[in-house]
There are 2 protein chains.
Amino acid sequence: MSVDRSPDTGSSRSGSRTAFGALDDLDRRLLRELERDGRISNKDLAARVGVAPSTCHTRVAALRASGVLRGFHAVVDPEAVGRGLQAIIAVRLQAGARRQLGAFARALAARPEVRDVYLLGGSDDVLVHVAVHDSRALRAFVVEHLSTRHEVAHTQTSLVFEHLHVPTTAG
Amino acid sequence: MSVDRSPDTGSSRSGSRTAFGALDDLDRRLLRELERDGRISNKDLAARVGVAPSTCHTRVAALRASGVLRGFHAVVDPEAVGRGLQAIIAVRLQAGARRQLGAFARALAARPEVRDVYLLGGSDDVLVHVAVHDSRALRAFVVEHLSTRHEVAHTQTSLVFEHLHVPTTAG
DNA sequence: GATGAAACTGGTACTAG
DNA sequence: CTAGTACCAGTTTCATC
């Protein structure tokens with residue numbers, strides 16, 4: 001009895017698994033529902049996709065174990081926790097500092113103000129999405145962690161008026 | 001008995017609610033744990049923050065009702081659902097088209113490829129974060145929904161090599 | 001692999017402090 | 001508001017197809 005989801009290429013199966021390790025229709029529907037509502041009960045989820053609760057449970061456990069389902073997170077109103085001001089900071093690194101890009105990005109991601117770090121190919125190297133209390137905190141963040149660091153060649157800060165996040169990828 | 005969380009300014013309370021509608025320490029700890037693990041059971045959550053399950057349940061329900069807790073979502077590996085290529089597209093609108101910015105952003109967010117839409121103040125008006133199957137799909141998206149639209153003055157597409165998302169705001 | 005029943009565990013509502 | 005209790009619903013396991 002293997003813990004991992006074994007890539008059952010040859011077994012008889014009602015679904016339509018297309019490739020090695022790929023997902024079938026049922027998996028995709030489960031993921032879509034869980035992206036929409038991460039706290040849906042196993043019973044309701046099973047009813048939505050039209051399988052037995054036990055089947056649903058097995059599938060979700062397999063998706064979790066295989067790493068397709070990375071986790072479940074609550075979404076909190078930033079304003080309510082004192083982070084009503086959001087900004088995107090485009091960062092260009094010194095040419096020689098690009099080798100440390102990964103460490104630089106991870107250090108940023110560890111900061112409580114940081115919500116997203118995008119490592120880019122293009123004119124800018126990094127995009128940092130932050131949520132802070134006010135403009136004073138924003139300035140403090142940029143100065144302390146970006147513009148005064150020797151790896152950083154240039155920064156450009158843009159205020160975020162609105163952020164629309166779409167939690168569904170398995171469309 | 002009011003359904004909404006009534007702003008109990010004067011009542012005796014062991015916690016330290018600071019302002020009208022603000023959150024106390026317990027609320028913040030609950031939010032932090034739920035951001036970390038959105039599927040933690042009420043029992044375990046109560047044990048983590050050190051209150052009775054019934055208390056924990058009441059608090060979380062209140063946070064939900066008040067809109068502080070916006071929702072719960074599963075996070076899916078983009079690669080597994082055939083969206084292994086990510087990009088950020090910076091969009092500048094025509095000067096006269098900025099009045100339709102909201103509608104433009106919502107239309108983008110409705111697309112299955114789109115994960116985030118940031119409305120910015122600065123040289124660019126919108127930042128679109130997309131996850132697509134391959135470079136062909138990326139080009140198709142940019143052409144169909146951005147560069148050929150009359151509201152759009154300019155676009156600049158950058159590939160995302162890595163995206164670090166930090167699901168915790170209530171630090 | 002999917003299913004249905006059976007044991008178990010946790011969620012929800014009520015009551016008291 | 002917090003905590004304890006009792007009831008009920010959902011989860012999880014297992015034998016079966």
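Reminder, nothing fancy here: chain letters follow the sequence lines and each chain counts from 1. Only heavy atoms go into these numbers, but all of them, side chains included; no hydrogens, no water, no symmetry mates.
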Need to verify one output field. Residue with the more 5' nearest nucleotide on DNA chain D, A:Asp44 or A:Thr58?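 Final value for this comparison: A:Asp44.
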Nearest-Å distance, [atom1] ([X]) to [atom2] ([N])?
X       : N      : atom1 : atom2 : result
B:Leu30 : D:dC1  : CG    : P     : 14 Å
B:Lys43 : C:dG10 : NZ    : P     : 4 Å
A:Arg48 : D:dG10 : CZ    : P     : 15 Å
B:Leu45 : D:dT2  : CG    : P     : 14 Å
A:Asp27 : C:dG1  : CG    : C1'   : 12 Å
B:Arg39 : C:dG10 : CZ    : P     : 15 Å

Any side-chain heavy-atom pair of B:Leu119 and B:Asp125 under 4.5 Å: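 They are not in contact (no side-chain heavy atoms under 4.5 Å apart), so the answer is no.
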Are any of the side-chain heavy atoms of B:Ile89 and B:Val126 separated by less than 4.5 Å?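 Answer no - side chains too far apart.
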Between [X] and [N], is there a side-chain N or O to OP1/OP2 distance below 4.0 Å?
X       : N      : value
B:Thr55 : D:dA3  : yes
A:Arg59 : C:dG1  : no
B:His57 : C:dT12 : yes

Can you tell which of [options] lies closest to the side chain of [X]?
X       : options               : value
A:Asn42 : D:dT2, D:dT12, C:dG11 : D:dT12
B:Ala52 : D:dT2, D:dG10, D:dA3  : D:dA3
B:Val51 : D:dA3, C:dT3, C:dG11  : D:dA3

If you look at every strand shown and take non-hydrogen atoms under 4.0 Å, does B:Ser54 touch a base, only sugar-phosphate, or nothing?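 Counting heavy atoms under 4.0 Å across all strands, the contact made by B:Ser54 includes a base.
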Going only through I, L, V, M, F, W and Y residues with side-chain contacts under 4.5 Å, is there a path from B:Tyr118 to B:Leu93?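 Looking at the clustering, B:Leu93 is in a separate group from B:Tyr118.
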Does the side chain of A:Gln94 pick up a donor-acceptor pair with the side chain of A:His150 at under 3.5 Å?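 Result is no, nothing qualifies.
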Side chains of B:Asp116 and A:His165: do they bring a donor and an acceptor to under 3.5 Å?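 Yes.
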